[in-house]
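Structure first, then comments.
Below, chains carry the letters A, B, ... as their sequence lines are ordered, and counting in each starts from 1. None of the values given here were measured: they were computed from a predicted structure.
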2 protein chains.
Amino acid sequence: MHIEKSEVSEIFKGLELKDHEIEFIKTVLHKKNYSKGALIIKNGVQVDQTFGVKSGCLRTYHVDKVGKEHTLQFAIKGWWITDYTSFFLKSKAIMNLEVIQDAVVYQLSFQDREELFKKIPTLESFIRTRLENSYAAFQKRVLGNLSKTAKERYLDFISTYPNIEKRVKNYHIASYLGITTESLSRIRRELTQI
Amino acid sequence: MHIEKSEVSEIFKGLELKDHEIEFIKTVLHKKNYSKGALIIKNGVQVDQTFGVKSGCLRTYHVDKVGKEHTLQFAIKGWWITDYTSFFLKSKAIMNLEVIQDAVVYQLSFQDREELFKKIPTLESFIRTRLENSYAAFQKRVLGNLSKTAKERYLDFISTYPNIEKRVKNYHIASYLGITTESLSRIRRELTQI
DNA sequence: TTTATAAATTGACATATGTTAATAAATTAT
DNA sequence: ATAATTTATTAACATATGTCAATTTATAAA
């Protein structure tokens, strides 16, 4: 699928890119359509692509040894998602990447990403800064999981990610919070009864 | 405290640095001694330094609203640690950074770090790659917290970080795993009884 | 060494969340 | 619109982990 110059600007909003840089970026990004239910990454494979969401909604989840799903991340417009344990650590994927609402994504390979950073150093800084922010957000999540009750984590989730809450099922949220769908149901009842 | 050229090479092991680059790095790193018990960062302050461990052991922990401690990270030789939520997101610290064994650390400010990346692009790539690996490790930790029992998390911890286990108290480990010291004690008993 | 302090363990009981099974509500397909 | 399917809710009971209090063991100070 063809990528417009305006789309590249949108993806790297805040960054001043020269025309030839935008042209190069267009050669490494591959725009694709995915339908709800598609599994873009399957547990066990070697992952060498990362996916930027233009529209729709994705999630990564891990299936544990008793078959339960645990959602690690959601991604909507503007977010990048993949099995980062495989993508960064060069190991086999421990997650599935699932399309939970019909999506258009920009696909970028590990090698092309490195190439991009080499050719456009300001882009490397831009991405590094985003990664730093995501890293800090993950640290907050770990602390939240350690220190908060399920109800508190749910309230945090819906206030931090209202746009995600609208788009995903309650059982997706439950598996993100680390509780069962029944527990989430009880929590929601308590919240409405007050 | 004076920093040797060999120390800089050690900190950025794997990276080829020119002499003038090493000299510049020496001007932005500040080596300091800290004694056991010192609180390098206190909850509530604005953090603009990160700390690389030369020797000893540090940890970051959060104190929740009922006064319980939750350990986010440990750091021994070679690791960098700070309240990254404050350092990266420019918000107030939500953690304390505590010295749990007498330590020698290299201190680096946010501004100097950015300066370093600007002057030495290979160093920015080097640090970015390390951050990518840490990010992936954190994702694994979140998944582990969601999908594993306390006993499994404990076994993972001691096999992944045997050098940390040796240096910290059991109550530190418990607070890292998200359980009480009593629960950890029961887990340890079960493990020895088999 | 002996004493004081800190850390770890143990047991009885409490509680948040999980499990199972049934039902209701919402969404999608016909 | 109606039926089929998926999702969410509810209730009774189970379980992992927490709480509290006492005791033992390890470490540090005198």
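- Taking 4.0 angstrom as the limit, A:Arg188 places none of its side-chain polar atoms (N or O) nearer than this to OP1 or OP2 of D:dA8.
- Counting to the nearest Å, the P atom of D:dA8 and the CD1 atom of A:Ile187 are 14 Å from each other.
- Remark: A:Arg189 is in phosphate contact with D:dT10, judged by side-chain N or O atoms under 4.0 Å from OP1 or OP2.
- Spacing between atom CD of B:Glu190 and atom P of C:dG11 amounts to 13 Å, rounded to whole angstrom units.
- Between A:Met1 and A:Lys54 there is no side-chain heavy-atom pair separated by less than 4.5 Å.
- Rounded to an integer number of Å, the gap from CD1 of B:Ile179 to P of C:dT9 is 11 Å.
- If you take CD of A:Gln101 and P of D:dT7, they are 13 Å apart, rounded to a whole angstrom.
- Distances shorter than 4.0 Å separate none of the side-chain N or O atoms of A:Asn170 from OP1 or OP2 on C:dA26.
- In this model, no donor atom of one side chain and acceptor atom of the other lie less than 3.5 Å apart for A:Tyr84 and A:Gln73.
- Of the N and O atoms on the side chains of A:Thr50 and A:Thr82, not one donor lies less than 3.5 Å from an acceptor on the other residue.
- Summarising the geometry, the separation between CZ on A:Arg153 and C1' on C:dA16 is reported as 11 Å, rounded to the nearest angstrom.
- Annotation: of the two residues near DNA chain C, A:Glu182 and A:Lys148, the 5′-most nearest-nucleotide partner is A:Lys148.
- For A:Ile22 against A:Ser9, the heavy-atom pair with the smallest separation is CD1-OG, 4.2 Å.
- For A:Arg186 and D:dT9, the shortest distance from a side-chain N or O to OP1 or OP2 is not below 4.0 Å.
- Side-chain nitrogen and oxygen atoms of B:Ser185 include none within less than 4.0 Å of the OP1 or OP2 phosphate oxygen of C:dT10.
- One finds a side-chain N or O of A:Ser183 lying less than 4.0 angstrom from the OP1 or OP2 phosphate oxygen of C:dG18.
- C:dT27 atom C1' lies 12 Å from atom OH of A:Tyr171, rounded to whole Å.
- The distance between atom CG of B:Leu146 and atom C1' of C:dT17, rounded to the nearest whole Å, is 14 Å.
- Summary of the strand contacts: B:Leu184 and B:Lys36 both lie near DNA chain D, and taking for each the nucleotide with the nearest heavy atom, the more 5' one is attributed to B:Leu184.
- Of the N and O atoms on the side chains of B:Tyr161 and B:Glu165, not one donor lies less than 3.5 Å from an acceptor on the other residue.
- When rounded to the nearest whole Å, the span between CG of A:Leu177 and P of C:dT17 equals 11 Å.
- Between A:Lys68 and C:dT19 there is a side-chain N or O to OP1 or OP2 distance below 4.0 Å.
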